[in-house]
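Counting starts at 1 for both ligands and their atoms, in listed order. Starting from 1, each residue takes its place in the sequence as its number.
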Amino acid sequence: MALRCAVKLGIPDAIHRSGGTATLRDLRAALSLPEARQEHLSRLMRLLAALGLFTEDNKGGDAAGLYLYGLTPASPLLVHDAEANGGACQSQFVISATALSANLTAYLRLDEWFKSDGGAPAAETPFMMAYGMDFWAANGRDAERAARFNEQMGSESKLVARVLVRECGEVFPEGVASLVDVGGGDGTMARAIARAFPHVRCSVLELPHVVESVRSAAGSDGGAVEFIAGDMMDSIPPADAVLLKFVLHDWGDEDCVRILRRCREAISANAPEGKVVIIDIVVGASSSTSTTTKDVYEAQLLMDMCIMVLSTGKERDEETWSKIFMDAGFTRYKIRPVLGARSVIEVYP
Ligand SMILES: C[S@@+](CC[C@H](N)C(=O)[O-])C[C@H]1O[C@@H](n2cnc3c(N)ncnc32)[C@H](O)[C@@H]1O
Ligand SMILES: O=c1cc(-c2ccc(O)cc2)oc2c(O)c(O)ccc12
């Protein structure tokens, strides 16, 4: 809620606009907050600085108004200026994750859900308990809700795409001429891959309501990427490679096996040497460069709680992933923990 408050007040934008640092007094003035709130603002900033979202120093003197706040490597992710973060602002995530109208209503049902037997469809997830339908049906019924979610996932994809392109070029060698991004949302990731690896023809398979909203937002089509409306449970269009980014974590093990079998059919119809590229969490795997292994593990487990509330899926460790791959008929896989809490997994027939 403190982070939501900072985003809603525009604190990261205000510090960014003032050149990267601002005293508490200047920050309050830039945000047009009453003087009576200065002491409260200093307490909010003290917490956000302790969490690593801003720097704080009192070199100007001990008077609270002279405390200086600055940006840390994490803060550009909360700034709306696309030049600061390549368009990967994550503020919408903060707003949605903490909005009563979005998902918070479901989080508030978690304890009640624990006490239910989970058998009735209405009690399958806390989200269903709160909304009477699953997450995707809710998005299908409410275009604004869906647009916010797709925009939020799109900004996460911009962040992930930058690292993928920089560190995983070999995932898309010359031999990979086509790729279908299954459950690819608004196509942000597919467009980033098409831009970085022009030899890869990219398409997106999505639910009809998502394709419709992308088409109406883009005029007539989704840009350089072809959109196909369908259901991944039924069939996946043939391609050399199939991408599944944060799709499998939404589903139980049996459904994952079913989706991966469809993927195997899609690549063997096109390229027997093809592969499935999964971007998802492997619990316990971490590149651990700038963040500590404990922070990454904690982020993975927090994401697992979100998924427990919102869907019937889960975050998986390597052993569970491996069993799913083998049950779906694949023979080997390679995990690259290059994306902080997330990994790139290449899975081969
Ligand atoms: C968590 S989102 C991930 C979106 C995107 N891959 C990303 O990482 O930004 C899961 C996506 O799966 C899509 N989806 C859900 N069920 C589907 C189905 N049966 N067939 C195709 N797509 C589906 C949703 O519309 C949603 O865009
Ligand atoms: O609200 C979300 C957010 C995610 C999400 C967040 C950050 C990541 O690095 C990946 C995914 O995933 C979601 C999801 O899979 C879902 O079914 C509902 C909501 C969200």
Atoms of ligand 1 less than 4.0 Å from [X] heavy atoms?
X    : result
D250 : 1 (C), 10 (C)
V210 : 25 (O)
S157 : 7 (C), 9 (O)
G185 : 27 (O)

Distance to 0.1 Å, residue and atom name: give those for the protein heavy atom nearest to [atom].
atom                    : answer
atom 1 (C) of ligand 1  : F246 O, 3.1 Å
atom 27 (O) of ligand 1 : E206 OE2, 2.5 Å
atom 12 (O) of ligand 2 : M303 CE, 3.6 Å
atom 10 (C) of ligand 1 : W136 CH2, 3.5 Å
atom 8 (C) of ligand 2  : E156 OE2, 3.3 Å
atom 20 (C) of ligand 2 : F149 CE1, 3.6 Å
atom 15 (O) of ligand 2 : H249 NE2, 2.5 Å
atom 7 (C) of ligand 1  : K245 NZ, 3.4 Å
atom 17 (O) of ligand 2 : D250 OD1, 2.5 Å
atom 15 (C) of ligand 1 : L207 CD1, 3.7 Å

Got more than 12 heavy atoms from elsewhere within 6.0 Å of [atom1], [X]?
X    : atom1 : answer
E212 : CD    : no
Y107 : OH    : yes
E35  : CD    : no

Nearest-0.5 Å distance that lies between atom CG in N150 and atom CD in Q92 =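 Separation between the atoms: 11.0 Å.
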Between ligand 1 and [X], is the shortest N or O to N or O distance under 3.5 Å?
X    : result
M232 : yes
G183 : yes
D231 : yes

Hey, which atoms in ligand 2 end up nearer than 4.0 Å to a heavy atom of [X]?
X    : value
R342 : 9 (O)
W136 : 17 (O)
L310 : 18 (C), 19 (C)

Considering only NZ, NE, NH1 and NH2 on the basic side and carboxylate oxygens on the acidic side, decide whether R316 and D280 come within less than 4.0 Å.
->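 Not counted as a salt bridge, because no side-chain N and carboxylate O are separated by less than 4.0 Å.
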Does D13 pair with R17 as a salt bridge, N-O distance under 4.0 Å?
->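 No, no charged N to carboxylate O under 4.0 Å.
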Linking I/L/V/M/F/W/Y whenever their side-chain heavy atoms sit closer than 4.5 Å, directly or via other members, would L77 and M189 fall into one cluster?
->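 In one cluster: no.
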Compute the ring centroids of F127 and W136, then answer whether they are less than 6.0 Å apart.
->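 Centroid distance F127-W136: not below 6.0 Å, so no.
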Check whether the ring centres of Y69 and F54 lie less than 6.0 Å apart, and answer yes or no.
->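 Ring-ring flag for Y69/F54: false, centres at least 6.0 Å apart.
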Side chain to side chain, L47 and L51, heavy atoms closer than 4.5 Å =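 Heavy-atom side-chain distance check passes, below 4.5 Å.
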Check each of F135, F93, F246 against atom 6 (C) of ligand 2 and report the one with the nearest heavy atom.
->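 Shortest heavy-atom distance from atom 6 (C) of ligand 2: F93.
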So is I307 close enough to ligand 2, meaning a heavy atom under 4.0 angstrom away?
->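 Yes, that is the case, since the closest heavy atom of the residue is under 4.0 Å from the ligand.
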Within 45° cone and under 6.0 Å: R145 NZ/CZ vs F135 ring |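 Judged by the rule (NZ or CZ under 6.0 Å from the ring centre, within 45° of its axis), R145 counts as positioned above F135.
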